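The basis for the numbers below is simple: all heavy atoms, side chains too, and nothing from hydrogens, waters or symmetry mates. Computed from a predicted structure; not experimentally measured.
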Number of protein chains: 2
Amino acid sequence: MTRASSRRPGPPTRTERGIPEATVARLPVYLRALTALSDSGIATASSEDLATAAGVNSAKLRKDLSYLGSYGTRGVGYDVEYLRYQIAREIGVTQDWAVVIVGIGNLGHALANYSGFGTRGFRIVALLDADPNLIGERIGDMEVRDFAELEDIVKADRVSIGVITTPAGPAQGVCDRLVAAGVTSILNFAPVVLSVPTGVDIRKVDLSIELQILAYHEQRKSGEAALPQVPELPAMNGLTDLPSVGGGVGA
Amino acid sequence: MTRASSRRPGPPTRTERGIPEATVARLPVYLRALTALSDSGIATASSEDLATAAGVNSAKLRKDLSYLGSYGTRGVGYDVEYLRYQIAREIGVTQDWAVVIVGIGNLGHALANYSGFGTRGFRIVALLDADPNLIGERIGDMEVRDFAELEDIVKADRVSIGVITTPAGPAQGVCDRLVAAGVTSILNFAPVVLSVPTGVDIRKVDLSIELQILAYHEQRKSGEAALPQVPELPAMNGLTDLPSVGGGVGA
DNA sequence: CCGATTTTGTTCTCACGTTCACAAGCTCCT
DNA sequence: AGGAGCTTGTGAACGTGAGAACAAAATCGG
C-alpha cells in the first residue's frame, strides 16, 4: 500500500486531453466570476472584463480558455451563460458529487453548515464521527452518524469525495478507511501529510501553513534592513536554550 | 506605510535575499515535519527521512534548504532541533504575530477555537463582527467585539495579520478597513477576489474551489473512456435548466 | 460590398520550478 | 592515518507556466 503518489504514470504532468494543472486550478475562479456577471444581468463579457473579475490578466485568461475550445467570438467577447456552462461541464459540476465529512469538531460543524458548499455540484450525504457523544446530534437538516457506517454510505450514495476534518492523529487512519471504502478524492484539513495509493487524488487546506507564509513576508517587510545579514552559522551551543521554539526564543 | 515594498519592484518574482516563493510555501511543511520528529525523540535526520515526513522528494528538500544556508552535515544529515530553529527563524515564527479575525460566523467560530492556531507564532488578539447580536458573546477565553473598534485594536496590539471570514458581500469593505487600519497581511476565506494596494500580501483559502478541482479529476477518472471526445459544440437544446444559454453564439 | 475596429486564439520567448547526477565533505572502521 | 561509505549541496538539463505580441475572424458603418 501507499504505493507512491498519485499522478505520474509515465509522461510528465499532463491531463489526458491536455489541460495544464495550473489552468484547472483557475477554472473554478472563472466559473465564479461568470456566475457573478450573470447575476448582474450581464450577457456578454470580453476577456478583459472577465480577467478583471477573476483577478488575473487577460492574456492568461484567454490562454486558459483556449484549452477548453473556442468558445468566444472575435471582436465581441464571450457569451456569459454559454461560457459558464462550458466551464461547469469541463469541471464536472453540471452533475452532483456526493460528499462525506469525517470529523465533526469545530471545523466539521462549520463546513456542514456552510451553505455555499452545496452551491452547486456537491451534495453532503453524511456527517461522520467516531465519538459516541456526537452521534445523533443534528446539524442543519442532517444528523451525525457513526463512522462505522462509512462503507455502507459510500456504497449506497456512490460517494467519491471525502473531507477529513479530524485532528492530526486519526487522519491517516480515516483516510485509509475512506480509500478502502472506494472514495477516490480527498480534501484534507488535518495538519498532516497523508499518503494515498495511486489513483486517489488528495488536496490539502492548512490554515497554519497559510499564516506562516504570510508571516514570512511580513517579517521581510518590517525588517527590510534589519536582517540582511543572517547568522549563517550561529553557535550550536546556543541551542540549549531552545527547549521548544518560541519558549525562550522570543525577541 | 504601505511602501510598495512587497514584491515586484523591477525584476520578476524574487524574494529579497532570493528564496523562491515555491520554497517559502514548503518551509512550514518542513517545520511541522521537524517538530514531529523532534517530538518522537529523533535528534538527527537525513534529507531522505525529512522528505518522506514532509511528503516531497529529497532532492527538492535539499535544494529548498540550501536557500537558507548550509545547515546540514555531509555524511550525517540534519540536526533536528537546530534545523527546526533555523527554519522557524527564517519564517518568522520565533516571534508572535498578532492576528484579528473578522466575521464570527460558523467558520470564524471554528477558527477562534482552533487550538493549533496559536500553536506557536500567532496570537489571536480580537474577534470582530458588526452584528450587534454577536458582540459580547464569549468564545473560549475571548469575547466578540465590535468591528468599529478595529482601528484601536490594530494600533494597540500592533496587528499585522487579518483573517476575513465574512460572507462574500462585506469582504472587500472589511478588507479595505483592515488595510486602512494598518494591517499588511490578509488571509481571506470569503469566496471573492479581493483587491489590495501594493505592499499588502493576501492569500486565499477557498473550499469550493478545492472541491471543484477534485471534481475535475474525479470526472476524468470515472469517464476515462466515456468522454474522450468532448462535444465541442454540444446541442444547446439539452440544457433545459440553463435559461438563456448561448443567445445566438452556439452552433 | 469593403474597410475600420475590436477582440479572440495562438505563437514565441523568457522565467520559474523540478529532477537528476555528481563532486565535496564528513564519519567511521581498520 | 587512510580509505570506504554516506549524505549534503549544487550545477545542469528538462518541463511547465506567464506574458507580450500579433494574425485571424467577427461586427459595424459607409
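Looking at B:K63, its side chain comes within 3.5 Å of the base of C:dT19 through a donor and an acceptor atom.
Rounded to whole angstrom, the span from the CG atom of A:L65 across to the P atom of C:dG9 amounts to 7 Å. Regarding B:N57, its CG atom lies at a distance of 10 Å from the C1' atom of C:dC20, rounded to whole Å. At whole-Å resolution of the value, CG in A:L61 and P in D:dA18 are 12 Å apart. At whole-Å resolution of the value, NZ in B:K60 and C1' in D:dT8 are 18 Å apart. Rounded to whole Å, atom C1' of D:dT8 lies 12 Å from atom CG of B:L50. Note: CG (B:L83) to C1' (D:dT7) measures 14 Å, nearest angstrom. As rounded to whole Å, 15 Å separates atom C1' of D:dT10 from atom CG of B:L68.
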Is there a salt bridge (Lys or Arg N to Asp or Glu O under 4.0 Å) between A:D79 and A:R84 once you walk through the steps? CA-CA 8 Å; A:D79 180 285; A:R84 183 162 78 104; over 6 Å; no
Set out, in order, the CA-CA distance, both residues' side-chain angles and the distance that settles salt bridge (Lys or Arg N to Asp or Glu O under 4.0 Å) for A:R120 and A:D96, then state yes or no. CA-CA 7 Å; A:R120 205 144 294 150; A:D96 265 19; over 6 Å; no
As a quick check of understanding, evaluate salt bridge (Lys or Arg N to Asp or Glu O under 4.0 Å) for B:E21 and B:R26, giving each step before the final call. CA-CA 9 Å; B:E21 196 54 36; B:R26 280 187 294 266; over 6 Å; no
Run the numbers on B:S47 and B:R62 for side chain to side chain donor-acceptor pair (under 3.5 Å), then give the verdict. CA-CA 6 Å; B:S47 62; B:R62 284 201 302 278; 3.1 Å; yes
I would like to know whether B:K221 and A:D201 meet salt bridge (Lys or Arg N to Asp or Glu O under 4.0 Å); could you show each step before the answer? CA-CA 10 Å; B:K221 287 179 208 163; A:D201 274 298; 3.3 Å; yes
Are there any protein N/O atoms within less than 3.5 Å of an N/O atom in nucleotides 4-8 of chain C, and if so, which ones and at what distance?
| unit_1 | atom_1 | unit_2 | atom_2 | d |
| --- | --- | --- | --- | --- |
| C:dT7 | O4' | A:G75 | N | 3.0 |
| C:dT7 | O2 | A:G75 | N | 3.3 |
| C:dT8 | OP1 | A:S47 | N | 2.5 |
| C:dT8 | OP2 | A:S47 | OG | 2.6 |
| C:dT8 | O2 | A:R74 | NH1 | 3.2 |

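In this structure, A:S58 contributes its side chain and A:A51 its backbone to no donor-acceptor pair below 3.5 Å.
Across the interface with DNA chain D, nearest-nucleotide mapping of A:D64 and B:A59 shows B:A59 to be the residue nearer the 5′ end.
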